[in-house]
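Below is the structure I would like to discuss, written out as C-alpha cells.
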Amino acid sequence: MICTSIGIRLVLKGVFRPLYRLLDWLHGIQPGKEVPVLENSTEIREFQQLSAAAVDMGNRSYKAYEEQKQFIENASHKLQTPLAIVRGKVELLAESEGLTEEQMKELDDIYATLGRAVKLNKSLLLLSRIENGQYAEMEDVSVDEILDNLLPDLVDIYEHKQVHLLRRQGEQPFIIRCNQSLAQILVSNLVKNALLHNRDGGEVQILTTLSSLLIKNTGDAPLDAGKLFRRFYRGADGAKESTGLGLAIARSIAVSASLKLFYEWADGMHCFRFVKEIENSR
C-alpha cells in the first residue's frame with residue numbers, strides 16, 4: 001500500500017506538472033505589459049487546450065488594455081483643442097466694446113465653466129493614467145522636501161482666507177517609494193484640499209514623521225468617509241471650482257505607491273493621514 005501510494009503520488013506529480021507551469025505563467029502576467037511566451041509542452045490534450053485558452057485570454061486582455069489607453073489619450077487631446085479655442089473666443093468677445101454689465105457677467109460665468117471643463121478633462125486623464133499603471137518610474141521621494149517647496153506658493157494663493165498654518169517635522173524625513181511627479185500631486189492635492197475647504201481664519205496643521213504624513217484642517221461637520229474618495233464626491237460645502245476628483249486621484253496615487261490613506265473627524269477638524277503599508281500591517 002505504501003509503494004502504491006508513493007507511485008500514485010509520483011505519477012500525479014508528473015501529470016500535473018504542466019498545470020503548475022501554467023499557474024506560474026499566469027502569476028507573471030501584469031496589466032499593461034506584453035504577455036510573456038508560455039513554454040508548456042505536454043501530451044495531455046486537456047492541458048494543451050487550457051494553455052491555448054489562457055494565452056488567448058491574456059493577448060485579448062492586453063489588446064483591450066492598449067485600445068482603452070489609446071482611446072483615453074485621444075479623447076482627452078481631442079477635447080483640449082476645442083476647449084482652448086472656445087476660451088480664446090470668449091476672451092476676445094469680452095474685450096468687445098458696448099457690452100453691458102449683465103453680458104459681461106454671463107461671459108465671466110461661461111469662461112469659469114470652460115475653465116472647470118479643462119481642469120476636469122486633465123484630471124480624468126491623469127486618473128486614468130495612474131490606474132493604468134503608466135507611471136512606472138519609482139524612486140525614493142522626500143515628503144518633507146515636497147512640502148518645503150509647495151507650502152510657500154499655496155499659502156500665497158490662499159492668503160485671502162487668512163488660514164493659520166502650523167507645521168511640525170519629525171527628526172528624520174518621511175521617505176516614500178513613488179513616482180516623483182505623482183508624489184508631488186498627492187501631497188499638493190491634500191494640502192490644497194485643507195486650504196480650499198477651510199473656513200476663513202481657520203487652521204491647518206501638517207505633521208510629518210518617519211513613516212506618515214498628517215494634515216488637519218478646521219471644518220463645520222464630518223464628511224462621509226465611505227464616499228469621500230469616490231470620483232465627483234463633493235461635501236455640502238464643496239467649492240464651486242472643485243472638480244470632485246482631487247481625493248480620488250490622491251487615493252489612486254497612494255495605492256500605486258503602497259500607501260494607506262485614511263480620513264477621520266476629530267475635535268472639529270478633518271484629518272487626512274497616509275502611511276506606509278508596512279506600518280499599517282504591524
Side-chain angles (χ1 to χ4, degrees), residues 115-116 119-120 122-123 126-127 130 135 140-170 172-220 222-223 225 228-235 237-257 259-276:
R116 288 195 295 271
K119 290 174 58 179
L120 181 61
K122 292 181 178 180
S123 297
L126 173 63
L127 190 56
I130 295 170
Y135 293 88
D140 290 336
V141 181
S142 172
V143 174
D144 294 276
E145 185 176 331
I146 293 176
L147 288 169
D148 290 338
N149 298 326
L150 180 69
L151 288 177
D153 292 335
L154 288 182
V155 170
D156 289 341
I157 293 173
Y158 293 97
E159 183 179 8
H160 63 282
K161 297 182 72 71
Q162 298 182 339
V163 174
H164 175 66
L165 176 64
L166 174 63
R167 182 185 174 194
R168 289 181 293 173
Q169 296 179 244
Q172 299 183 33
F174 178 27
I175 305 295
I176 61 176
R177 188 72 179 172
C178 184
N179 179 276
Q180 177 71 35
S181 299
L182 294 186
Q184 293 177 353
I185 293 172
L186 169 61
V187 177
S188 175
N189 281 5
L190 293 177
V191 176
K192 284 181 180 178
N193 184 75
L195 292 169
L196 178 63
H197 301 284
N198 208 324
R199 65 167 69 107
D200 292 346
E203 182 178 359
V204 172
Q205 300 178 14
I206 301 177
L207 170 64
T208 54
T209 66
L210 179 62
S211 57
S212 68
L213 168 66
L214 174 64
I215 300 178
K216 303 169 67 176
N217 67 279
T218 49
D220 298 322
L223 301 173
L228 185 60
F229 297 104
R230 295 180 183 177
R231 299 184 184 188
F232 305 112
Y233 172 79
R234 295 170 65 179
D237 59 343
K240 290 183 178 180
E241 59 268 30
S242 173
T243 61
L245 291 173
L247 291 179
I249 291 173
R251 166 62 65 85
S252 294
I253 296 174
V255 171
S256 69
L259 300 169
K260 289 289 187 179
L261 182 58
F262 303 97
Y263 165 79
E264 64 178 353
W265 170 262
D267 300 324
M269 301 190 78
H270 303 292
C271 307
F272 290 89
R273 179 172 179 258
F274 70 78
V275 301
K276 296 179 181 178

Is the backbone N or O of Arg177 less than 3.5 Å from a side-chain atom of Lys276, with the two atoms forming a donor-acceptor pair by type?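 Pair absent, no side-chain N/O of Lys276 close to backbone of Arg177.
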Distance-minimising heavy-atom pair for Val141 and Ala183: CG1-CB, 3.9 Å
Between CG of Leu151 and OG of Ser188, what distance do you get to the nearest 0.5 Å?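 Output value for this atom pair is 10.0 Å.
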Can you name the closest pair of heavy atoms from Thr218 and His270 and give their distance? O-CD2, 4.2 Å
Determine the interplanar angle of the Phe174 and Phe274 rings, folded into 0 to 90°, and report it as parallel if under 30°, tilted if 30 to 60°, perpendicular if over 60°.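 Plane angle between 30° and 60°, so tilted.
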Please find the pair of heavy atoms, one from Leu190 and one from Ala250, that lie closest to each other, and give the distance. CD2-CB, 4.3 Å
Heavy-atom donor-acceptor pair, Thr209 side chain to Gly170 backbone, under 3.5 Å: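 Flag not set: sc Thr209 to bb Gly170 has no pair under 3.5 Å.
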What is the distance from atom CD1 of Ile130 to atom CG of Leu182, rounded to the nearest 0.5 Å?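 So the gap between those two atoms works out to 5.0 Å.
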Please report the shortest heavy-atom distance between Pro173 and Asp144, naming the atom on each side.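 Between these two residues, the closest heavy atoms are CA-OD2, 3.2 Å.
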Identify the two heavy atoms, one from Gly219 and one from Arg199, that lie closest to each other, and give their separation to 0.1 Å. O-NH2, 3.0 Å
Side-chain (Ser123) to main-chain (Leu120) donor-acceptor, under 3.5 angstrom: no
Distance from His197 atom NE2 to Leu247 atom CG, nearest 0.5 Å?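 If I round to the nearest 0.5 Å, the distance is 7.0 Å.
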Spacing of CG belonging to Leu245 relative to CG belonging to Asn189, to within rounding of 0.5 Å: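 With rounding to 0.5 Å, CG (Leu245) is 9.5 Å from CG (Asn189).
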Are the side chain of Tyr158 and the backbone N or O of Asn198 linked by a donor-acceptor pair below 3.5 Å? no
Where Ser252 and Leu127 come nearest, the two heavy atoms and their spacing: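 In this case the closest contact between Ser252 and Leu127 is OG-CD1, 3.3 Å.
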